[in-house]
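Everything on this sheet refers to the single structure shown next.
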Number of protein chains: 2
Amino acid sequence: MTLPPLCEAFVLHFGEMGSRWGINRTVGHIYAVLFIAEKPLCADDIVERLGVSRSNVSMGLKELQNWNLLRQRPIPGDRREFFTTPDDIHAIVRTLVDERKKREIDPTLTVLRELLMQTPGTPEEQHAQARLKDMYELIELLTNWYADVQKLETERLIQLLSLGSKVVKVLEMKDRLFTLPGGRGHSATQNAKD
Amino acid sequence: MTLPPLCEAFVLHFGEMGSRWGINRTVGHIYAVLFIAEKPLCADDIVERLGVSRSNVSMGLKELQNWNLLRQRPIPGDRREFFTTPDDIHAIVRTLVDERKKREIDPTLTVLRELLMQTPGTPEEQHAQARLKDMYELIELLTNWYADVQKLETERLIQLLSLGSKVVKVLEMKDRLFTLPGGRGHSATQNAKD
DNA sequence: CTATATTTTCAGAAAATACTGAATTTTGAG
DNA sequence: CTCAAAATTCAGTATTTTCTGAAAATATAG
């Protein structure tokens, strides 16, 4: 690996993290190198920096392209293909989440839905279905939340996340303002669901 | 695998998903079996259901215990150890997120912090640091948000998530109510940061 | 304390995954 | 169209990870 120490440390750590998330180490290295690169790189640039085989880099780039995580940047007068990561890290994370959702969450929801449609033959299966239902509903809650806030432009999303649980205070205030004295509490949050 | 079809389908899918998330397939199977079981199971119950070796189950259970994902439930008059998953799936997911944060996010933040302290020797390293800073700040935003909403009790958290981006509407309303006419917009969200 | 049931450890086998170099295919300049 | 540069594929090899059975350790009933 022929990288300045600071870059190498980052690349190695990123590869390590990737491998804990079902992404192969080398693919993690490749993405890390592209992420910190000053300019678009071609496959051979990556071979040089990482010291892995050309074919390995080729497969890694393909994998990253399947994840929609790369931008191709043609350089005039050069036949080789050059790659960068998106400049905006928020865009990178959005893509990452979208792709994982598509590959892992959506199929899981489909399976759970199918299993919940079946008629349980035994009390054992009936109990299993109840558990699956809990899981289904939680995953749905989380993905619906994500689908919803994902539509926000990045600035607004950052604002919202910065607030954290303080949002709850604002909701309580709304409750206080709009709930008739003596009325049931939290009406704002309950109504807002529609 | 000696499980009713519905259970088997779930267990297999869960194992598959686990293996994409850096959790070994069998450990996923073990957790799935425990998750849908009607009563606490001992290691041999799992051996019987999954058809893997006793030692493999032993290692898998240990792994799951290291993740804090199991509850031990002694059965009077039986020397064997019996296990269940927590009843509340929200608790399970909280634990899962907490543990992953501890193992993956926190060390990453430490590494990034260290690398950002270094004095860059070259323009290349300087540019890398700028990228790392973007990444650091985004991860911090997300983990701070999580640390904050995690404190909410489950009911409140569900309310908040159900709202999704509608929260923004409430914030805008707050803005309208409390910002003096002619004042700059979004003051509510900006102030709430303190 | 002894005998036995239960769990854990671990070295080696088996399986899965990643990597390479050589061969093939694709691309585009001339 | 031709040719060489570039990219991709893939069969075989290397590495890593997972799994097993046998042995060791631990726990508890009597």
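Naming convention: chains lettered A, B, ... in sequence-line order (proteins, then strands); numbering from 1 in each chain.
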Rounded to whole angstroms, how far apart are CE on A/M59 and P on C/dT17?
14 Å

For the side chain of A/R80, counting heavy atoms from C-beta on, which of D/dT20, D/dA6, C/dT7 is nearest?
D/dA6

May I have the distance from A/H29 (atom NE2) to C/dA18 (atom P), rounded to whole angstrom?
13 Å

Is the cationic atom of A/R103 (NZ for Lys, CZ for Arg) positioned less than 6.0 Å from the six-membered ring centroid of A/W67 and within 45 degrees of its normal?
yes

Determine whether any donor atom in the side chain of B/S55 lies under 3.5 Å from an acceptor atom in the base of D/dG21, or the reverse, and answer yes or no.
yes

For C/dT6, does the base pair up with any side-chain atom of B/R79 as donor and acceptor (N or O, under 3.5 Å, distance only)?
no

Rounded distance (Å) that lies between atom P of C/dA13 and atom CG of B/N56
18 Å

Assuming nearest nucleotide by heavy-atom distance, tell me which of A/L61 and B/I23 is located more 5' along DNA chain D.
A/L61

Find the distance between CG (B/D87) and CZ (B/F35) and round it off to the nearest 0.5 Å.
9.5 Å

Any B/K62 side-chain N or O less than 4.0 Å from OP1/OP2 of C/dT9
yes

In whole angstroms, how far is the P atom of C/dT7 from the CZ atom of B/F82?
8 Å

With nearest nucleotides of DNA chain D determined for A/R25 and A/Q65 from heavy-atom distances, which residue corresponds to the more 5′ nucleotide?
A/Q65

Salt bridge A/E99-A/K102, side-chain N to carboxylate O under 4.0 Å:
yes

Measure from CG on B/N24 to C1' on D/dT16 and round the result to the nearest Å.
13 Å

Determine the interplanar angle of the B/F14 and B/Y31 rings, folded into 0 to 90°, and report it as parallel if under 30°, tilted if 30 to 60°, perpendicular if over 60°.
parallel

A/R113, CZ: over 12 other non-hydrogen atoms inside 6.0 angstrom
yes

How close or far is atom P of D/dA5 from atom CZ of A/R54, stated in whole angstroms?
14 Å

Once you round it to whole Å, what is the distance between C1' of C/dT8 and CD of B/E81?
10 Å

d(CD, B/Q72; C1', D/dA27) in whole Å:
13 Å

